[in-house]
Structures are given as C-alpha cells and as structure tokens.
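Below: one structure, written as structure tokens.
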Amino acid sequence: MSKDCGNHADDDFRRSCRRLLGLLLGLALIVAIIALIVYLVLRPTHPRFFLQDASLRQLDLSNGSSSVLSTTLQVTVASRNPNDRVGVYYDRLDVYASYKYQQITVAASLPPVYQGHGDVDVWSPVLTGPNVPFAPYLADALSQDCQAGYLILQVKIDGRVRWKVGSWISGHYHLFVTCPAFLVTTGGNGAPGASGFKFQTTTYCHVEV
C-alpha cells in the first residue's frame, strides 16, 4: 500500500513539472511574439551620420630610421535620429582619424547625449596624434597622395547606444561609424603637410549597429 502511494506522489510531481514547463514555454512564446510585433510596428532605424567639415591643421611626416606622423584635425560630425517613435541614448562616443586602416590620432570622447525623435546633434572635436609610429609603406603612400594633390582620411566613431520607446529603454548596442574625409589641393605640393588641403564636400557615413 505504501509503495502505491509513493508512485502516485511521483506521478503528481511529474505532472506538476510538465505543467510548469508548459507554462514557462507559453510565456516565453508570448514575450517573443510581443517583441516581434513591437519591432515590426516601430521598425527602429540606425542613426544617420554626416561628416560636414574636416580642417587639417597639422600633417608632419618624419622619415628617419623609423617614420613618425603627427596629425591635428578638427572635424564636424552631425547625427540625425530618423525614427518617429524611438529615441537614442549615446552613452559613449569615441572619435578618431585613420589613414588606410591605421589609426593616426588619439580617440576623443564626446559628451553623452539623448537624441529625441527627428533630432539632430552636431559635434566638432579636435583630433590629435603626436608622433604616431608610421609604417614605411604608408609613409610612401602618403607622400604619393600629397604629390597628387588629394588625401583621403577616415573619421571613425566607436560607441555604445541604447534605444528608448516610451518608458522602455533597451540594453546597450555597439555603434561603429566610418566617414570618408576627402581633402584636396589646387595642385600637388610634393610633400606631406597641412598647407593647401581643403575639405571637399559633406559626406554620408557608413553606420553599423
């Protein structure tokens, strides 16, 4: 008799576990469906970035036993939130310049900001890179570009953002922005240097979130 009672207790426990598991799976499915519906309704779009200006103040290349590059560049970057129902928290934004995939300035940190629906924010940081070790092949490429009278730098932004919908705020997402900066002169000057280089036109930036 006691053995039968033990079997009934085990059966009841198993049935309770199955009901609990079914309930949890059902709740998870409901949450997933709600999240999908919210995403389809809101359709969050990543922020749009534009490089409005790039002023080259210093570009000094030392070709000794090892090449060293010193750069000072002021840039003006604008960001617009194209979403009608989604706000954006920029919790961290680090801006730096690169030449042919090599970073040539120290990253400058921009102040955190909240960007509402359709809002536009503009930043104008000064990017500096004193005495940055430079590969010989990059030094040759830089000299050739200056001789030709044009220079293409990349202004990059590395950051973390959050989305805000009503009172709900998402977790952090990684933001990576690449903006080409086209600098030209009226004629080749034969050597690297800031003199004569002017920013050509506002450019759209590639944004990854």
Side-chain angles (χ1 to χ4, degrees), residues 20-57 71-129 152-183 199-209:
L20 179 59
L21 181 60
L23 178 62
L24 293 176
L25 290 175
L27 289 174
L29 181 61
I30 292 172
V31 170
I33 292 174
I34 292 175
L36 178 62
I37 292 174
V38 170
Y39 174 80
L40 292 176
V41 170
L42 296 177
R43 294 273 184 177
T45 302
H46 59 64
R48 294 172 182 168
F49 280 77
F50 311 88
L51 180 63
Q52 296 182 333
D53 192 23
S55 178
L56 188 62
R57 298 180 179 178
T71 309
T72 302
L73 177 73
Q74 182 170 16
V75 299
T76 301
V77 180
S79 171
R80 178 180 178 272
N81 177 12
N83 297 286
D84 294 328
R85 302 181 182 90
V86 182
V88 184
Y89 282 102
Y90 295 101
D91 292 326
R92 179 178 63 82
L93 292 174
D94 295 329
V95 188
Y96 62 92
S98 69
Y99 174 76
K100 295 188 181 296
Y101 305 105
Q102 177 175 333
Q103 184 172 338
I104 59 174
T105 70
V106 178
S109 295
L110 302 180
V113 66
Y114 171 73
Q115 194 173 62
H117 314 150
D119 286 353
V120 176
D121 288 280
V122 180
W123 304 274
S124 294
V126 176
L127 311 178
T128 60
I152 301 176
L153 302 178
Q154 302 288 336
V155 177
K156 298 190 176 185
I157 303 174
D158 191 321
R160 292 174 70 82
V161 299
R162 290 176 295 161
W163 309 110
K164 183 178 185 296
V165 181
S167 60
W168 176 81
I169 300 176
S170 75
H172 284 101
Y173 288 83
H174 181 235
L175 173 76
F176 194 72
V177 182
T178 302
C179 308
F182 298 98
L183 303 163
F199 182 67
Q200 188 172 24
T201 183
T202 298
T203 56
Y204 293 92
C205 305
H206 177 69
V207 181
E208 297 178 21
V209 178

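All figures in this text were calculated on a predicted structure; none of them were measured in a lab.
Contact between Ala97 and Leu127 at its shortest, heavy atoms only, is N-CD1, 4.0 Å. A pairwise comparison of heavy atoms in Lys156 and Tyr101 identifies NZ-CD2, 4.4 Å as the closest pair. Shown here for Trp123 and Ser79, the closest heavy-atom pair between the two residues is CZ3-CB, 3.6 Å. Annotation for Ile152 and Tyr99: closest pair O-CD1, 3.7 Å, computed over non-hydrogen atoms. The minimum heavy-atom distance linking Ser124 with Gln74 is given by the pair O-NE2, 3.5 Å.
Considering only heavy atoms from C-beta on, Thr76 comes within 4.5 Å of Val122 through its side chain. Counting only heavy atoms from C-beta outward, the side chains of Val177 and Leu93 never approach each other to under 4.5 Å. A heavy-atom distance below 4.5 Å is not found between the side chains of Leu110 and Val77. Using a 4.5 Å cut-off on side-chain heavy atoms (C-beta onward), Asp84 and His117 make no contact.
Considering only residues two or more places apart in sequence or on other chains, Asp91 meets the side chain to side chain donor-acceptor pair (under 3.5 Å) condition with Arg162, His172. Residues satisfying the side chain to side chain donor-acceptor pair (under 3.5 Å) test with Arg80, not counting sequence neighbours, are none. His174 is linked by a side chain to side chain contact (heavy atoms under 4.5 Å, CB included) to Asp158, Phe176, counting only residues two or more places apart in sequence or in another chain. For Gln200, there are no side chain to side chain donor-acceptor pair (under 3.5 Å) partners, not counting sequence neighbours. When the side chain to side chain donor-acceptor pair (under 3.5 Å) test is applied to Thr72, the partners found at least two apart in sequence or on another chain are Gln58. Take Tyr114 and apply the side chain to side chain contact (heavy atoms under 4.5 Å, CB included) test, not counting sequence neighbours, and it matches Tyr89, Lys164.
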Name every donor-acceptor pair, under 3.5 Å, that has one atom in a side chain of residues 202-209 and the other anywhere in the protein, sequence neighbours excluded.
from: Thr203; atom 1: OG1; to: Pro180; atom 2: O; distance (Å): 2.9
from: His206; atom 1: NE2; to: Glu208; atom 2: OE2; distance (Å): 3.3

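No donor-acceptor distance shorter than 3.5 angstrom exists from the side chain of Asp119 to the backbone of Asn81, with no hydrogens or angles considered.
Other residues, nucleotides and ligands contribute over 12 non-hydrogen atoms within 6.0 Å of the CZ atom of Phe199.
Pairs of residues two or more places apart, or lying in two chains, that qualify as salt bridge (Lys or Arg N to Asp or Glu O under 4.0 Å) and include a residue from residues 93-108 are Arg92-Asp94.
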